[in-house]
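A quick write-up on the structure given underneath.
Lettering follows sequence order; numbering is per chain, from 1.
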Protein chains: 2
Amino acid sequence: MDRLTIKDVARAAGVHPATASRALNPLLPGRISAETTARVVQAATELGYVVDPVGRSLRSRRSGTVGVLVPDLLNPFYPPVVRGVQDVLRDHGLEALLASTDNDVRRESDLLEVFRARRCDGYVIASAGRPDAPVAALVGEGVPVVLVNRLTEATAPSVTSDDARGIGQAVDHLRGLGHTAIGHLAGPTAVSVTAVREQAYRAALRGAGITPRRSWVVRAGQYTAAAGRLACHKLLDRGEVTAVLAGNDLIAVGCYAAIAERGLRCPQDVSLVGINDMPLAEWLRPALTTVAIDQAELGRQAARLIVDRIADPAAAVEHVSVTTELVVRESTAPARPAARSSA
Amino acid sequence: MDRLTIKDVARAAGVHPATASRALNPLLPGRISAETTARVVQAATELGYVVDPVGRSLRSRRSGTVGVLVPDLLNPFYPPVVRGVQDVLRDHGLEALLASTDNDVRRESDLLEVFRARRCDGYVIASAGRPDAPVAALVGEGVPVVLVNRLTEATAPSVTSDDARGIGQAVDHLRGLGHTAIGHLAGPTAVSVTAVREQAYRAALRGAGITPRRSWVVRAGQYTAAAGRLACHKLLDRGEVTAVLAGNDLIAVGCYAAIAERGLRCPQDVSLVGINDMPLAEWLRPALTTVAIDQAELGRQAARLIVDRIADPAAAVEHVSVTTELVVRESTAPARPAARSSA
DNA sequence: TTGAAAGCGCTAACAA
DNA sequence: TTGTTAGCGCTTTCAA
């Protein structure tokens with residue numbers, strides 16, 4: 001017993017294969033009578049026919065496939081994004097091809113090559129590099145591309161989280177607790193959200209009537225707990241701040257360790273705020289106060305945009321912003337009258 | 001400027017397209033002279049030709065694609081597995097199609113349907129359900145399938161982690177610290193590793209000269225921190241155990257919360273051991289003692305097996321076991337002379 | 001609205 | 001070892 005083809009369906013319905021094909025693709029030009037369509041659809045259903053995407057793809061030059069590129073699948077930020085993308089794509093009969101670039105531009109361009117060979121209809125690119133040549137080339141050729149959480153290039157649609165809003169809330173929250181010396185552990189400069197968050201942090205401080213100092217910002221080499229731990233030690237060595245805004249939750253995780261290693265307590269001695277609200281954030285002790293980003297929503301919006309773009313590559317370039325919200329848990333507390341941290 | 005085809009390469013090399021095709025696929029029957037091969041390869045390289053997988057797939061009935069099914073991409077256990085799979089597949093010129101079943105058998109069979117339509121050359125199935133119909137059907141049809149961390153069906157190759165080894169080490173470790181009442185928070189019965197771990201736990205206790213009691217085992221409804229917290233409360237309510245072996249690290253995360261909520265301390269009052277050594281395990285406070293499973297290795301081995309199986313579907317069915325190792329951190333300590341836990 | 005014919009890019013089968 | 005031929009399954013012309 002071999003695989004069913006459109007010919008089998010056509011024969012069963014008593015029509016030409018081309019007619020059957022058209023009946024099963026109702027949106028395409030060349031409409032078929034309701035009767036015929038019904039007959040074909042019934043035949044297809046009864047036989048259990050499913051189109052062969054390979055044959056279709058070869059002829060139609062569409063693959064029903066979207067290439068999804070993330071910088072690091074091991075970072076808990078991305079799986080929910082991917083999930084959101086897949087859910088929406090599936091609703092539109094599209095499949096996601098997923099790959100992780102490991103923050104490597106060379107690898108990114110290799111993977112794009114592979115995707116292109118497979119004739120992806122579009123691309124969702126969340127790899128966090130600054131504007132880079134391969135992606136720019138793609139966009140330049142008019143291939144449908146949606147950027148997620150990347151420095152917005154006006155030429156491609158994008159989805160970003162409105163980090164500034166949540167960071168503003170975080171700073172206000174800390175200010176309300178009496179903190180006036182608030183540090184920031186920024187991520188690596190190679191990642192575009194880093195700059196966004198750092199600027200939002202400075203703006204929020206000013207908005208709260210605090211003049212940010214250079215010495216309050218320490219750069220973590222990566223968005224990892226290990227890098228966060230080191231950076232936090234550096235920041236606390238300076239003995240100025242009573243609260244820390246970590247560049248993301250993984251960096252915050254490193255802060256817990258650094259704070260404890262110095263014999264300090266969170267939140268009594270140092271208040272800590274993360275960004276992302278990753279799955280385990282509420283389970284840390286103390287539970288992490290953090291700027292929640294709805295990652296799945298980022299993914300869903302990205303999928304929506306790419307679906308639109310595939311349907312009409314010439315449509316206006318849309319930029320979507322997903323709102324963020326401070327989630328207050330246990331890692332923030334009123335500032336001590338006198339900071340206990342300095343040497 | 002259109003896409004390059006094999007005809008372009010053939011023309012440039014002065015040979016027939018079929019010859020060019022063969023030259024670029026050295027493993028296939030019908031060997032080509034070294035000279036010709038060199039000429040073709042050079043032409044292909046110079047022109048920047050890459051085969052069109054769609055055309056190839058239609059003709060050869062191979063897709064260069066492996067369907068990878070995981071139960072839940074949001075569970076930190078799986079991303080490293082996926083990563084391992086992808087790395088090895090890529091070395092063999094194969095791509096992974098990835099999907100998450102959400103522990104839903106219905107969804108699993110839908111996804112397999114999609115994969116089959118795309119003519120995957122093989123399947124790596126890590127969805128954790130007990131032996132189920134769709135997968136059994138696949139195996140029955142002789143389609144290359146590799147099972148990861150599932151109840152071994154002798155008919156399909158499989159990769160499992162040797163949980164018994166690490167669990168044995170964990171129990172010995174606790175015994176050595178003076179614990180004799182060691183509880184276990186088992187996962188849901190629907191997941192096949194649950195039974196494996198529970199049995200290993202009982203066997204290890206007996207091996208350590210301890211008679212396991214029924215009341216020492218509580219079942220968590222899911223492999224999540226929330227379920228672990230509830231189950232841990234139940235276990236501690238019984239006031240018997242001084243140490244807990246959690247069914248996995250997520251369950252262990254819930255235990256931290258439960259222990260703290262009862263005014264107990266880990267590890268002074270209750271020792272805790274997890275299973276998996278997930279990325280954040282070492283960053284929890286206290287750092288989690290856990291049975292490390294090399295998830296990426298699970299993935300790599302699975303990929304190796306599926307590659308072999310695709311090459312020779314009739315080859316002997318191989319079962320690979322990946323070793324586990326106890327990682328001692330800070331969540332385990334000597335048993336207190338008198339347990340402080342009971343009411 | 002439907003049918004006829006052609007061909008997407010590639011490689012398997014056969015022939016030389 | 002290489003060339004010839006044909007066709008994988010589908011959809012898109014073009015014609016009726």
Side-chain angles (χ1 to χ4, degrees), chain A residues 1-41 43-44 47-65 93 114 116-121, chain B residues 1-41 43-44 47-65 93 114 116-121:
Chain A
M1 175 207 131
D2 253 357
R3 178 185 254 278
L4 287 161
T5 74
I6 190 92
K7 283 186 189 172
D8 300 313
V9 175
R11 196 176 306 122
V15 297
H16 191 273
T19 307
S21 170
R22 286 184 279 239
L24 295 175
N25 267 42
L27 28 156
L28 295 187
R31 276 180 305 247
I32 300 293
S33 73
E35 280 180 278
T36 308
T37 301
R39 221 166 56 242
V40 171
V41 169
L47 295 173
Y49 168 79
V50 284
V51 303
D52 184 333
V54 181
R56 161 179 289 179
S57 186
L58 186 59
R59 180 67 239 229
S60 68
R61 327 211 107 246
R62 285 172 291 106
S63 65
T65 269
V114 171
R116 301 204 70 182
R118 293 209 175 266
R119 285 213 182 84
C120 289
D121 296 338
Chain B
M1 175 206 129
D2 255 357
R3 179 185 254 280
L4 288 162
T5 74
I6 189 91
K7 282 186 190 174
D8 299 315
V9 176
R11 195 175 308 124
V15 296
H16 192 273
T19 305
S21 170
R22 287 184 281 240
L24 295 174
N25 266 43
L27 28 157
L28 295 188
R31 275 180 305 249
I32 300 294
S33 74
E35 280 180 277
T36 308
T37 301
R39 219 164 60 244
V40 170
V41 168
L47 295 172
Y49 167 80
V50 284
V51 304
D52 184 332
V54 181
R56 162 179 289 178
S57 184
L58 186 59
R59 177 69 239 223
S60 67
R61 326 212 106 244
R62 285 172 291 104
S63 66
T65 267
V114 171
R116 301 204 69 184
R118 293 209 174 267
R119 284 209 181 85
C120 289
D121 297 337

Exercise. Does A/Arg61 make a side-chain donor-acceptor contact with the base of C/dG9, cut-off 3.5 Å?
Worked result: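 Check fails, no donor-acceptor contact within cut-off.
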About how many Å separate [atom2] of [Y] and [atom1] of [X], when rounded to the nearest 0.5 Å?
{"X": "B/Arg56", "Y": "B/Ser63", "atom1": "CZ", "atom2": "OG", "result": "11.0 Å"}
{"X": "B/Ser21", "Y": "B/Ile32", "atom1": "OG", "atom2": "CD1", "result": "9.0 Å"}
{"X": "A/Leu4", "Y": "A/Asp52", "atom1": "CG", "atom2": "CG", "result": "11.5 Å"}
{"X": "B/His16", "Y": "B/Arg11", "atom1": "NE2", "atom2": "CZ", "result": "12.0 Å"}
{"X": "A/Arg59", "Y": "B/Leu58", "atom1": "CZ", "atom2": "CG", "result": "12.5 Å"}

Between [N] ([atom2]) and [X] ([atom1]): distance, integer Å:
{"X": "A/His16", "N": "D/dA16", "atom1": "NE2", "atom2": "C1'", "answer": "13 Å"}
{"X": "B/Arg119", "N": "C/dC10", "atom1": "CZ", "atom2": "P", "answer": "16 Å"}
{"X": "B/Arg56", "N": "C/dG9", "atom1": "CZ", "atom2": "P", "answer": "15 Å"}
{"X": "A/Lys7", "N": "D/dG7", "atom1": "NZ", "atom2": "P", "answer": "9 Å"}
{"X": "B/Leu58", "N": "D/dA6", "atom1": "CG", "atom2": "P", "answer": "18 Å"}
{"X": "B/Arg22", "N": "C/dG9", "atom1": "CZ", "atom2": "P", "answer": "20 Å"}
{"X": "B/Asn25", "N": "C/dA13", "atom1": "CG", "atom2": "P", "answer": "14 Å"}
{"X": "B/Ile6", "N": "C/dG7", "atom1": "CD1", "atom2": "P", "answer": "20 Å"}

Think [X] has a side-chain N or O under 4.0 angstrom from the OP1 or OP2 of [N]?
{"X": "B/Arg62", "N": "D/dC8", "answer": "no"}
{"X": "B/Arg59", "N": "C/dA12", "answer": "no"}
{"X": "B/Tyr49", "N": "C/dG9", "answer": "no"}
{"X": "B/Ser60", "N": "C/dA12", "answer": "no"}
{"X": "A/Thr19", "N": "C/dG3", "answer": "yes"}
{"X": "B/Ser33", "N": "D/dT2", "answer": "yes"}

Touch check for [X], heavy atoms < 4.0 angstrom, all strands: base, sugar-phosphate only, or nothing?
{"X": "A/Val51", "value": "sugar-phosphate"}
{"X": "A/Ser21", "value": "base"}
{"X": "A/Ser57", "value": "nothing"}

Exercise. If each of B/Ala18 and A/Pro53 is mapped to the nucleotide of DNA chain D with the nearest heavy atom, which maps nearer the 5' terminus, i.e. the 5' end?
Worked result: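 Looking at DNA chain D, the more 5' nearest nucleotide goes with B/Ala18.
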